[in-house]
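Quick note: numbers below take in every heavy atom, side chains included, and nothing from hydrogens, waters or symmetry partners.
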Amino acid sequence: MAAVNDVGESARSSAVSATTAGCQAADLPRHALIGYLHSSFANGSGYVRMADVPDAWDVINLAFGEPTSVTSGDIRFTLCPAAECPNVESEADFTAAIRAKQAQGKKVLISIGGANGQVQLTTAAARDAFVGSVSAIIDRYGLDGLDIDFEGHSLYLNQGDTDFRNPTTPVIVNLISALRSLKSRYGDDFVLTMAPETFFVQVGYQFYGGTGAGDNRTGSYLPVIHALRDALTVLHVQDYNSGPVMGLDNQYHNMGGADFHIAMTDMVKAGFPVANTGHTFPGLREDQIAFGLPAAVSAGNGHTPPGPVHDALNCLARNQNCGGYTLRGGASPAIRGLMTWSINWDRFYGWEFQNSHRPFLNSLP
């Protein structure tokens, strides 16, 4: 669901702790299980009909809405063709199953992007096409909101764009504007989630694309997250398909164990100085924070067995079993939960992710 990112080391800066105030969103469970559903393709794991998604899943992200071209902003979503997914349901049955999930209190979102869906809103026309076409998908299926899974080269920063609080790069500015328009159109109940790779968030502690140091995509989600923080329901960074990333302890952390999830999630909670800019990204509310995992070994690099995931959650929620790491952002008893790629892969591997993590999330404070 992403590309592997490898970056070198720059001068280290000291960590700071900051967070925003706010109330927990009332329309999601305190601790949620969030999963992507391959609705437009099979990807080797097999097609799972909406009606067959188990009740354990609180948020179901339909993967994926993709653009007609990289810069068109015109997003389309279609169910998997029968030639690829012989058991695909009819659109009427798909829509009816969404309604049934919603009647149970589940949220169903359209996810835009993915590894193959590059979206660059370089113009106002593309921005407007994005708002119009995404709205059409949401209205067509009666969805609860939108997940932004921009990867690859969708987001980047022009050189000199160094203040995440006041971005100037068109693809960033237009995305922020589009998301604000959608939030305004659908109101307070609109669910907005984001699934950036570590490269676009935590790597901004060492490198920020607008400074001209290294890849111009590093940290490029930070202005989007910051601008939408009051509208953002959940940020679930992909803690997989990642190179080593420096944490607030100024040590490199590697994916696949509790340590990586603890350090990466703590950065989002505590906030951090953005490399070579003089500005500090403020942390998010704990109820806005989850972290993402591959459901199984075939789903992505960096699969973490259930035990270390539970160790990470115990550290983050209770400040226990932190393995020597000191939480800069403190304990987060209301941490929102876990995201996985994907529900399909979890089914393929016998529902280990769901069966291991749903009960554990229920046991958290």
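Between the Ser332 side chain and the Ile335 main chain, no donor and acceptor come within less than 3.5 Å of each other. Formation of a donor-acceptor pair under 3.5 Å by the Lys269 side chain with backbone atoms of Gly283 is not found in this model. Looking only at distances, no side-chain donor or acceptor of Glu197 sits under 3.5 Å from a matching main-chain atom of Val237. Checking side-chain atoms of Glu286 against main-chain N and O of Ala334 turns up a donor-acceptor pair under 3.5 Å. No donor-acceptor pair under 3.5 Å is formed between the side chain of Arg76 and the backbone N or O of Ser133. Judged by distance alone, the side chain of Thr218 and the main-chain N or O of Gly209 form a donor-acceptor pair under 3.5 Å. When atom types are taken as modelled, the side chain of Asp346 and the backbone of Ser342 share no donor-acceptor pair closer than 3.5 angstrom.
Checking His226 against Arg165 by side-chain atom types alone, no donor-acceptor pair falls below 3.5 Å. For the residue pair Asp161/Asn158, the side-chain donor-acceptor check at 3.5 Å is not satisfied. In this structure, a donor-acceptor pair under 3.5 Å is absent between the side chains of Arg347 and Ser45. Side-chain contact annotation: Asn116 with Glu66, donor-acceptor N/O pair under 3.5 Å absent.
Under the 4.5 Å side-chain criterion, counting only non-hydrogen atoms from C-beta, Thr277 is not in contact with Asp163. The shortest side-chain heavy-atom distance between Ile225 and Leu232 falls under the 4.5 Å cut-off.
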Worksheet entry | Steps toward side-chain hydrogen bond (donor to acceptor under 3.5 Å, both in side chains) verdict (Tyr47, Ser39) | CA-CA 7 Å; Tyr47 185 83; Ser39 298; 5.2 Å; no
Discussion item. Checking Asp311 against Gln320 for the side-chain hydrogen bond (donor to acceptor under 3.5 Å, both in side chains) test, could you report, in this order, the C-alpha distance in whole Å, the side-chain angles of both residues, the deciding distance, and whether it holds?
Written reply: CA-CA 8 Å; Asp311 288 343; Gln320 298 172 356; over 6 Å; no
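Here the CG atom belonging to Asp189 is positioned 6.0 Å from the CG atom belonging to Asp27, to the nearest 0.5 angstrom. Of the inter-residue distances, the one linking Asp239 atom CG with His236 atom NE2 reads 12.0 Å to the nearest 0.5 angstrom. Here the CD1-CG distance, from Ile112 to Asp147, works out to 8.5 Å after rounding to the nearest 0.5 Å. Atoms CD and OG, on Gln120 and Ser72 in that order, are 11.0 Å from each other to the nearest 0.5 Å. A distance of 12.5 Å separates CG of Leu338 from CD of Gln354, quoted to the nearest 0.5 Å. Rounding to the nearest 0.5 Å gives a distance of 7.5 Å between OG of Ser111 and CG of Leu146.
Cluster membership for Leu157 and Val173, using ILVMFWY side-chain heavy atoms within less than 4.5 angstrom, is not shared. Val70 is not connected to Val224 by any chain of hydrophobic side-chain contacts under 4.5 Å among Ile, Leu, Val, Met, Phe, Trp and Tyr, and they are in different clusters.
Of the candidates Arg30, Arg358, Lys107, Arg358 is the only one forming a salt bridge (charged side-chain N to carboxylate O under 4.0 Å, His left out) with Asp58.
Here the closest non-hydrogen pair linking Thr304 and Pro308 is CG2-CB, 3.7 Å. Contact between Asn319 and Leu327 at its shortest, heavy atoms only, is OD1-CD1, 3.5 Å.
The aromatic rings of Phe353 and Trp57 sit parallel, their planes meeting at an angle under 30°, below the 60° perpendicular limit. Classified by interplanar angle (parallel below 30°, tilted 30° to 60°, perpendicular above 60°), the ring pair His38/Trp341 is parallel. Under the 30°/60° scheme for interplanar angles, the aromatic rings of Phe64 and Tyr36 are found to be tilted. Classification of the Phe190-Tyr186 ring pair by plane angle, with boundaries at 30° and 60°, yields parallel.
Ring centroid separation for the pair Phe260 and His253 does not come in under the 6.0 Å cut-off. Checked against a 6.0 Å centroid threshold, the rings of Phe94 and Tyr141 count as neighbours.
Annotation for His303: atom NE2 counts as buried by contact number, over 12 foreign heavy atoms lying within 6.0 Å. By the neighbour-count criterion of 12 heavy atoms within 6.0 Å, atom CZ of Arg318 is densely surrounded, having more than that number from other residues, nucleotides or ligands.
Note that Arg217 lies outside the cation-pi zone of Tyr221, set by a 6.0 Å cut-off to the ring centre and a 45° limit from the axis.
Ion pairing of Asp266 with Arg328 is absent here, as no side-chain N (NZ or NE/NH1/NH2) approaches a carboxylate O to less than 4.0 Å.
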